[in-house]
Amino acid sequence: MTEDDIATVTGLPVHTWRRRHAAAFRTRVPVVNPGERLRLYDEEQARAYMSGKHWPNRATAETADDEQWPTAVPPGAEHPEDLLTDKETANVLGIRDATVRAYATTGYLAAGIERHGRTWWPRRVAEARRDADDQHHATPGRKPGDLRNRAPRPRRDPRIAEIAELTTRAPLTTADVVQRYGVGERTAQRLLAAARTRAES
């Protein structure tokens, strides 16, 4: 849950909830995503706090009134339905977070789930992509030796040689080239410039 969600449950505007209750709530309930700008809390813990219950419910494990509760999910414990950010998904796949977003755009990775104004990926989706046989994510982009990696071959325009030949007989203007070849003025200027360079070389 976000703090907006928690405020909604309590029936208060979020700015009022933050002014009156956020400090005490944050002291007791740990965030599940430390270091992130958007604070997220375990829903069961948040609801336990709002209803005045202790966490965990076992009396022997209760913390003192001024101590923060332990995290709902023990550190290192993972669940297939955990929602991961692009950075966390990138860590699972061993790639950059920008590549995660690119994969989602191209369909190589599921589009993700929109919540709280950002996109999340279930851990099972990220792990399935990681464990797929193709292993495309390990070597993104074109492979070494891919013919598409070669620089494009220079294309020779036959009109350049023809214009160079014609200009040896009589000067040609841009209008002449436009009329003769049915091209635009800028293309005609480019052809004339190339023909002059060819004649000089």
Side-chain angles (χ1 to χ4, degrees), residues 2-5 14-15 31-40 78-201:
T2 65
E3 292 188 352
D4 284 16
D5 297 331
V14 66
H15 61 275
V31 294
V32 298
N33 60 338
E36 296 286 337
R37 186 174 61 172
L38 176 68
R39 292 185 179 97
L40 294 177
E78 297 174 349
H79 190 279
E81 297 304 321
D82 288 342
L83 293 181
L84 308 180
T85 64
D86 51 359
K87 291 180 182 178
E88 292 167 333
T89 303
N91 287 337
V92 171
L93 294 176
I95 57 177
R96 295 183 304 115
D97 49 343
T99 306
V100 169
R101 296 190 293 272
Y103 281 175
T105 301
T106 61
Y108 184 70
L109 181 69
I113 300 167
E114 293 294 325
R115 286 191 186 173
H116 313 303
R118 65 187 303 178
T119 306
W120 308 80
W121 287 268
R123 184 181 299 280
R124 59 178 168 74
V125 170
E127 291 179 345
R129 178 74 274 156
R130 179 195 64 197
D131 299 336
D133 291 337
D134 59 4
Q135 291 293 308
H136 173 71
H137 72 272
T139 53
R142 297 176 181 173
K143 310 293 188 296
D146 190 322
L147 295 177
R148 293 172 297 171
N149 289 337
R150 295 186 303 187
R153 295 180 180 177
R155 297 175 60 186
R156 293 190 175 89
D157 191 329
R159 297 173 296 186
I160 295 172
E162 190 175 326
I163 293 170
E165 175 66 25
L166 290 171
T167 54
T168 60
R169 301 177 199 162
L172 288 180
T173 65
T174 301
D176 293 333
V177 175
V178 168
Q179 184 176 3
R180 184 178 185 96
Y181 296 100
V183 296
E185 187 173 337
R186 294 192 69 172
T187 301
Q189 292 170 349
R190 179 181 59 78
L191 290 171
L192 275 172
R196 288 192 196 101
T197 301
R198 181 187 175 97
E200 290 170 359
S201 60

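- Of the inter-residue distances, the one linking T2 atom OG1 with R39 atom CZ reads 11.5 Å to the nearest 0.5 angstrom.
- A salt bridge does not link K87 with E36: every distance from a Lys NZ or Arg NE/NH1/NH2 to an Asp or Glu carboxylate oxygen is 4.0 Å or more.
- Minimum interatomic distance between V177 and V183 (heavy atoms only, all atoms of both residues): O-CG2, 4.1 Å.
- Atom CD of E162 is surrounded by more than 12 heavy atoms from other residues, nucleotides or ligands within 6.0 Å.
- Across all their heavy atoms, A194 and I160 have their closest contact at CB-CD1, 3.6 Å.
- Here the CD atom belonging to E127 is positioned 9.0 Å from the CG atom belonging to D82, to the nearest 0.5 angstrom.
- One distance of note links CD of E88 with CH2 of W120; it measures 7.0 Å at 0.5 Å rounding.
- Nearest heavy-atom pair across V100 and L93 is CG2-CD1, 4.5 Å.
- Remark: I113 CD1 to T119 OG1 distance equals 10.0 Å, nearest 0.5 Å.
- L172 CG to E165 CD: the interatomic distance, rounded to the nearest 0.5 Å, is 11.0 Å.
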- Task: Check the pair T89, D86 against side chain to side chain donor-acceptor pair (under 3.5 Å), reporting the backbone distance first and the verdict last.
- Result: CA-CA 5 Å; T89 303; D86 51 359; over 6 Å; no
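- Annotation: side chain of P122 is not in contact with side chain of L84 (no heavy-atom distance under 4.5 Å).
- Proximity of V92 to W121: side-chain heavy atoms (C-beta onward) are nowhere separated by under 4.5 Å.
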- Run the numbers on L40 and R115 for side chain to side chain contact (heavy atoms under 4.5 Å, CB included), then give the verdict. CA-CA 11 Å; L40 294 177; R115 286 191 186 173; over 6 Å; no
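- Put simply, the side chain of I95 does not reach to within 4.5 Å of the side chain of R129, judged on heavy atoms.
- Considering CZ of R101 and CZ of R96, their distance stands at 8.5 Å, rounded to 0.5 Å.
- Heavy atoms only, all atoms of each residue included: Y181 and L166 are closest at OH-CD1, 4.2 Å.
- Of all the heavy atoms in A110 and A104, the pair that sits closest is O-CB, 3.8 Å.
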